[in-house]
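The basis for the numbers below is simple: all heavy atoms, side chains too, and nothing from hydrogens, waters or symmetry mates. Start at 1 with the first residue, then count along the sequence. As the structure is a computational prediction, the values presented were derived from the model and not from experiment.
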Amino acid sequence: MLTDPRFTAEVELTVPFHDADPMGVVWHGNYFRYFEIAREALMNQLNYGYREMSESGYVWPVVDAKIKYRASVLFEQKIRVRATIEEFENRLKIAYQIFDAASGKKTTVGYTIQVAVSKETQEMSFISPDILFERMGVKP
């Protein structure tokens with residue numbers, strides 16, 4: 001079911017100068033920004049972007065993240081960043097892959113885990129709220 005193309009989004013970016021160190025290599029922390037751009041595209045694709053999350057009464061903080069660097073990404077390099085929902089029933093786990101746009105070579109992989117937190121009570125939900133299931137078009 002998670003192979004449905006609605007649960008994957010891909011963006012293409014060109015690495016800007018300010019993301020690179022003096023050697024022209026992307027600073028390691030900037031990869032999470034690239035993940036975020038793809039995650040935002042994915043959630044907007046489901047009509048459950050940050051505004052919709054907030055309006056539904058939930059915030060979704062990242063509680064865990066992991067990244068593995070396979071090859072350097074460089075200043076002015078064109079990259080494709082893919083975000084795919086892997087889990088959604090109790091938490092939102094999104095997997096990421098970064099590819100060189102020209103060669104298709106995978107440079108980076110990782111994931112983030114987010115949980116639903118009620119804006120009103122500030123309590124974490126142990127089951128994802130119904131609104132996520134509705135927006136994904138799946139039944140809890």
Side-chain angles (χ1 to χ4, degrees):
M1 196 250 337
L2 290 179
T3 58
D4 187 315
R6 294 174 303 145
F7 305 140
T8 296
E10 195 167 284
V11 296
E12 187 167 307
L13 307 168
T14 300
V15 174
F17 175 76
H18 62 265
D19 281 1
D21 65 17
M23 300 301 294
V25 176
V26 170
W27 177 70
H28 67 277
N30 284 323
Y31 290 82
F32 286 107
R33 289 182 39 245
Y34 305 152
F35 287 1
E36 173 61 27
I37 292 167
R39 178 174 59 230
E40 186 175 15
L42 174 60
M43 298 313 290
N44 285 338
Q45 184 172 287
L46 296 171
N47 195 27
Y48 197 54
Y50 291 115
R51 290 190 194 280
E52 292 82 11
M53 286 177 181
S54 181
E55 289 168 2
S56 76
Y58 294 94
V59 294
W60 289 79
V62 172
V63 296
D64 191 14
K66 182 172 179 160
I67 192 165
K68 178 155 178 84
Y69 308 97
R70 293 182 170 183
S72 296
V73 173
L74 307 173
F75 166 56
E76 294 185 323
Q77 184 175 354
K78 290 190 184 320
I79 57 173
R80 289 188 345 267
V81 186
R82 181 179 301 151
T84 303
I85 295 175
E86 286 193 336
E87 296 177 27
F88 62 91
E89 292 171 332
N90 300 74
R91 61 190 191 168
L92 189 57
K93 182 177 183 183
I94 301 176
Y96 305 92
Q97 299 176 71
I98 299 178
F99 303 89
D100 175 75
S103 69
K105 177 183 176 185
K106 191 182 299 182
T107 66
T108 315
V109 296
Y111 67 80
T112 57
I113 295 175
Q114 296 171 261
V115 295
V117 174
S118 167
K119 284 176 56 176
E120 183 179 329
T121 66
Q122 296 297 302
E123 292 181 4
M124 183 178 80
S125 299
F126 291 101
I127 298 173
S128 294
D130 289 342
I131 185 70
L132 178 63
F133 296 103
E134 290 170 22
R135 298 296 167 95
M136 291 180 67
V138 298
K139 296 186 185 213

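Taking each heavy atom of Lys105 and Ala71 in turn, the nearest pair found is NZ-CB, 3.8 Å. Among all heavy-atom pairs drawn from Phe32 and Ala65, the shortest one is CE2-CB, 3.7 Å. Residues Gly104 and Arg80 share a closest heavy-atom pair of CA-NH1, 4.2 Å. Closest non-hydrogen pair, Phe75 versus Ala20, comes out as CB-CB, 4.0 Å. Tyr31 and Ile67 make their closest contact through CB-CD1, 3.3 Å (heavy atoms, listed as atom of the first residue, atom of the second, distance). Taking each heavy atom of Ala9 and Ala38 in turn, the nearest pair found is CB-O, 4.3 Å.
Proximity of a side-chain donor or acceptor of Thr107 to a complementary backbone N or O of Ile98 within less than 3.5 Å is detected. Distance alone, capped at 3.5 Å, is enough to place a donor-acceptor pair between the Tyr69 side chain and the His28 backbone. The backbone N or O of Asn47 lies less than 3.5 Å from no partner atom in the side chain of Asn44, so there is not a single donor-acceptor pair. Glu123 places no side-chain N or O within 3.5 Å of a backbone atom of Ser118 that could act as its donor or acceptor partner. Side-chain atoms of Asp19 never come within 3.5 Å of backbone atoms of Asn30 as a donor-acceptor pair (strictly under, hydrogens ignored). Between the side chain of Glu52 and the backbone N or O of Gly49 there is at least one donor-acceptor pair closer than 3.5 Å. Checking side-chain atoms of Arg6 against main-chain N and O of Met136 turns up a donor-acceptor pair under 3.5 Å. Between the side chain of Gln114 and the main chain of Trp60, a donor-acceptor pair closer than 3.5 Å is present. Between the side chain of Ser56 and the main chain of Met53, a donor-acceptor pair closer than 3.5 Å is present.
The NZ atom of Lys93 sits 8.5 Å away from the CG atom of Asp64 when rounded to the nearest 0.5 Å. Taken to the nearest 0.5 Å, the CZ atom of Phe17 stands 10.0 Å off from the CD atom of Glu76. Considering CG of Leu74 and CD1 of Ile79, their distance stands at 10.5 Å, rounded to 0.5 Å. Of the inter-residue distances, the one linking Tyr58 atom OH with Glu120 atom CD reads 10.0 Å to the nearest 0.5 angstrom. With rounding to the nearest 0.5 angstrom, the OH atom of Tyr96 is 9.5 Å from the OG1 atom of Thr84. Between the OH atom in Tyr111 and the CD atom in Gln97 there is a gap of 15.0 Å [rounded to 0.5 Å].
Partner Lys78 forms a side chain to side chain contact (heavy atoms under 4.5 Å, CB included) with one of Val73, Val15, Thr14 and no other, that one being Thr14.
Contact annotation: the side chain of Tyr48 never approaches that of Leu92 to less than 4.5 Å [non-hydrogen atoms, C-beta and beyond]. Counting heavy atoms from C-beta outward, Pro61 and Val117 have side chains that approach closer than 4.5 Å. Taking 4.5 Å as the limit, some side-chain heavy atom of Met43 sits within range of a side-chain heavy atom of Leu132. When side chains are defined from C-beta on, Tyr34 counts as touching Val26, because their heavy atoms get closer than 4.5 Å. Considering only heavy atoms from C-beta on, Val81 stays 4.5 Å or farther from Ile37 through its side chain.
Hydrophobic clustering (ILVMFWY, side-chain heavy atoms < 4.5 Å, transitive): Leu13 and Trp27 are in distinct clusters. Placement of Ile131 and Ile85 within a single hydrophobic cluster is found when ILVMFWY residues are connected by side-chain heavy-atom separations under 4.5 Å, directly or transitively.
Under a 4.0 Å N-O distance rule, the pair Arg91/Glu87 qualifies as a salt bridge.
Ring geometry for Phe88 versus Phe133: interplanar angle over 60°, hence perpendicular rather than tilted (30 to 60°).
Summarising the local packing, CD1 of Ile127 is surrounded by 12 or fewer heavy atoms from other residues, nucleotides or ligands at distances under 6.0 Å.
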Show the numbers, then the answer: is there a side-chain contact (heavy atoms from CB on, under 4.5 Å) between Val62 and Phe35?
-> CA-CA 12 Å; Val62 172; Phe35 287 1; over 6 Å; no
